[in-house]
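When a residue number appears, it is its place in the shown sequence, counting from 1.
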Amino acid sequence: MKWQKDKLPAMSEEEQLRQLATDGMLVKRPLVVDGDTVLVGFRETEWSDKFL
């Protein structure tokens with residue numbers, strides 16, 4: 001199944017996770033999880049506000 005972001009709402013969580021597991025390019029990088037903070041992608045000001 002070729003990934004199309006417009007299909008995401010119709011997919012079950014299991015289907016979404018299976019798709020992510022088969023195609024690592026679907027994960028936006030960098031991804032940082034620190035307690036209650038989750039940052040996806042890199043926005044310098046946001047990262048500075050959270051970690052400096």
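Linking Ile, Leu, Val, Met, Phe, Trp and Tyr residues whenever their side-chain heavy atoms come within less than 4.5 Å places F42 and V32 in a single cluster.
The heavy-atom pair separating M11 from E15 by the smallest distance is CA-OE1, 3.3 Å.
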Mind listing the side-chain donor-acceptor pairs of residues 44-52 below 3.5 Å, one per line with the distance, residues two or more places apart or on another chain?
{"residue": "E46", "atom": "OE1", "partner": "R43", "partner atom": "NH1", "Å": "2.5"}
{"residue": "W47", "atom": "NE1", "partner": "G41", "partner atom": "O", "Å": "3.1"}
{"residue": "S48", "atom": "OG", "partner": "E44", "partner atom": "O", "Å": "3.0"}

